[in-house]
**Student:** 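Structure below; questions to follow.
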Amino acid sequence: MAMASSLRFSRLLSRSLSSASSSFFSPGGSAILGARVSKYSTDAAIEEPIKPSVQVEHTQLLINGKFVDAASGKTFPTLDPRTGEVIAHVAEGHSEDIDRAVAAARKAFDQGPWPKMTAYERQRILLRAADLIEKHNDEIAALETWDNGKPYEQSAQIEIPMLVRLVRYYAGWADKIHGLTVPADGPYHVQTLHEPIGVAGQIIPWNFPLVMFAWKVGPALACGNTIVLKTAEQTPLSALYVARLFHEAGLPPGVLNIVSGFGPTAGAALASHMDVDKLAFTGSTETGKVVLQLATKSNLKPVTLELGGKSPFIVCEDADVDQAVELAHFALFFNQGQCCCAGSRTFVHESIHEEFVAKAKARALKRVVGDPFKSGIEQGPQIDSDQFEKILKYIRSGVESGATLETGGDRLGNKGFYVQPTVFSNVQDGMLIAKEEIFGPVQSIFKFKDLGEVIQRANNTQYGLAAGVFTKNLDTANTLTRALRVGTVWVNCFDTFDAAIPFGGYKMSGQGREKGEYSLKNYLQVKAVVTPLKNPAWL
Ligand code: NAI
Ligand code: MG
């Protein structure tokens, strides 16, 4: 089942990538690409931005099934990363809005119909929501691309279909959650009830706004919890649209509340709220530590954390170099390099290192960067000026510390947040670019001699989110998959995400697992029910 779905996702990805002229799944692709665009050009990025074919409908907070202004009346602008210009002003939630949203979620849990509904009824609402999202795929994709800057073809063909798949997957779980009968040592009937935890607080980032929304909302709703979700301040629009569709599908008021706003205000208020029973967070390791402390200091609510990474992508000596180059390129550059699991340390065996570096550089030069609404675009702008500046700072640090800048290294165009696809070779483990999360289109290539050495170096990081292994040798693959201290190892593939496959980090990349059956545990608590057996002699 997991395999079939992941294959489906790979095919989806492959379709999308080939439409974006990537060649990993079709080896002829880069030749086609080469004929069309031989080098990224500033023209592509600075032309007049294409007008999105969607209107912004919702900018208020969604509390108790209604769109409302923030209590303070405040708003903040959400920006178009292509230009830095304002798309819309969005209601800015603060602690009083979090209080209102939590009160609505509390009521919907304690008195409302959601946890009391039959599991089958909950399932039907979630399935209807998935159908509605699917029906509005293209509008939602346009909104996402406008707010986030990711290529429209990827929003429409990967992200929204993944959201639909996740909602359907968790709808499927709704009526398959049950406890056990336990054989205790004594005359007792013992059973466990698997009950929803209550009000879930959820804080999500901007890099995959709707997939992160689904990882959080899907399991929480399937298990019968109610929710207050805070979107990232950079990308507030799409979750408001999609949450409205959940209500159209029959979700009762107060079950799913969306508060737009900033981390230190709305986010912190949610993490430290006494009436929130569980917290789930995705974002930086630094902020993860903050929310964990807030959760602990307030009411000891359990916390799930999906944090940063510095994932190795290991290319072994037996690899087909062209394929390895393409996959390593995808592993790093996908989503403008803004992936927690990006393959940001490309380790290449010394015997193929020189050829690999030359081809990785050539591939980066062919990357099609430009207006994400244009067909065939592989890379849009970075999310905002903070990330843009941070990436350029890391590039300068790479150069200063002596890595070889093979290509790129600067902004692209003169407006918006476009960054040239950048490749460094000769990167040493101690450099800042080798240790810290860059979160941008910057590939770092390292040379290695043998397996023992690369295992030690790959694991020599505070992070442990994911790893890629590229080899035809089964023994090598088996050794690496077991030795790498990470939550996901992709062998001869990368970023193969499916709703059924668990995801999460070892070490400082997180706590707990999301997606798959594992995620249900985050939103359930177990009650043991013990009843004496009155006539044990007859049983
Ligand atoms: P962040 O971790 O600060 O933000 C993620 C979410 O946390 C947002 O919704 C934000 O509003 C919220 N938040 C921020 N401070 C908070 C606080 N004190 N209390 C509660 N919530 C808070 O990440 P940011 O600033 O957007 O990006 C910084 C770096 O984090 C990136 O350069 C990247 O390295 C990493 N990052 C990792 C992501 C991942 O998927 N693991 C996603 C986004 C960023
Ligand atoms: Mg935006």
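As the structure lists them, so they are numbered: ligands from 1, and atoms in each ligand from 1.
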**Student:** How far is atom 22 (C) of ligand 1 from its nearest protein heavy atom, and which residue and atom is that?
**Tutor:**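 It is Gly263 CA, 3.2 Å.
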**Student:** Contact between ligand 1 and Phe281 is defined here as a heavy atom of the residue under 4.0 Å from a ligand atom; is it met?
**Tutor:**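 In this structure, Phe281 qualifies as a contact of ligand 1 - some heavy atom is under 4.0 Å.
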**Student:** For Trp215, run the ring-ring contact (aromatic ring centres under 6.0 Å, His included) check against Phe503, Phe281, Phe208 and tell me which one passes.
**Tutor:** Phe503
**Student:** Which residue owns the protein heavy atom closest to atom 25 (O) of ligand 1, what's the atom, and how far is it?
**Tutor:**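 Result for atom 25 (O) of ligand 1: Gln387 NE2, 4.9 Å.
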**Student:** Please check if the distance between the ring centroids of Phe497 and Trp490 is under 6.0 Å.
**Tutor:** yes
**Student:** Less than 4.0 Å between atom 4 (O) of ligand 1 and some protein heavy atom, yes or no?
**Tutor:**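 It does not: no protein heavy atom is found less than 4.0 Å away from atom 4 (O) of ligand 1.
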**Student:** If you measure every N/O of Gly261 against every N/O of ligand 1, is any gap under 3.5 Å?
**Tutor:** no
**Student:** Check Leu270 against ligand 1 and report side chain, backbone, both or neither, counting heavy atoms closer than 4.0 Å.
**Tutor:** neither
**Student:** Can you check which of Cys340, Gly309, Ala342 brings a heavy atom nearest to atom 39 (C) of ligand 1?
**Tutor:** Cys340
**Student:** Can you tell me if Gln338 has a non-hydrogen atom under 4.0 Å from ligand 1?
**Tutor:** no
**Student:** Give a yes or no on this: more than 12 heavy atoms of other residues, nucleotides or ligands lie within 6.0 Å of atom CZ of Phe262.
**Tutor:** yes
**Student:** For the CD1 atom of Ile227 and the CZ atom of Phe213, what is their distance to the nearest 0.5 Å?
**Tutor:**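 Rounded to the nearest 0.5 Å, the CD1-CZ separation comes out at 7.5 Å.
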**Student:** Quick check on contacts: which atoms of ligand 1 are under 4.0 angstrom from a heavy atom of Ile203?
**Tutor:**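 Those atoms are 6 (C), 7 (O), 9 (O), 12 (C), 20 (C), 21 (N).
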**Student:** I'd like to know if Asp277 and Arg106 make a salt bridge, using a cut-off of under 4.0 Å between side-chain N and carboxylate O.
**Tutor:**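 Looking at Arg106 together with Asp277, the answer is yes, because their closest N to O distance falls below 4.0 Å.
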**Student:** Would you indicate whether the side-chain heavy atoms of Leu256 and Thr226 approach each other to under 4.5 Å?
**Tutor:** no
**Student:** Just to confirm my output: which protein heavy-atom neighbour is closest to atom 38 (C) of ligand 1, and how far is it?
**Tutor:** Phe439 CZ, 3.5 Å
**Student:** Any protein heavy-atom neighbour for atom 30 (O) of ligand 1 (distance below 4.0 angstrom)?
**Tutor:** yes
**Student:** Minimum distance, heavy atoms only, to atom 6 (C) of ligand 1: which one of Ile204, Ile383, Thr287 is it?
**Tutor:**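 It is Ile204 that holds the nearest heavy atom.
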**Student:** Name the closest protein heavy atom to atom 26 (O) of ligand 1, giving the residue it belongs to and the distance to 0.1 Å.
**Tutor:** Trp206 NE1, 2.6 Å
**Student:** Got a donor-acceptor contact below 3.5 angstrom from the Arg244 side chain to the Glu57 backbone?
**Tutor:**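 Looks like no, no N/O pair under 3.5 Å.
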**Student:** Mark yes or no for whether Arg345, through its side chain, and Arg457, through its backbone, hold a donor-acceptor pair below 3.5 Å.
**Tutor:** yes
**Student:** Suppose I only count heavy atoms of Pro205 and a 4.0 Å limit; which atoms of ligand 1 are within that range?
**Tutor:**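 Numbered from 1, ligand 1 contributes 42 (C), 43 (C).
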**Student:** Would you say NZ of Lys507 has more than 12 non-hydrogen atoms from neighbouring residues, nucleotides or ligands within 6.0 angstrom?
**Tutor:**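 Above 12, so yes.
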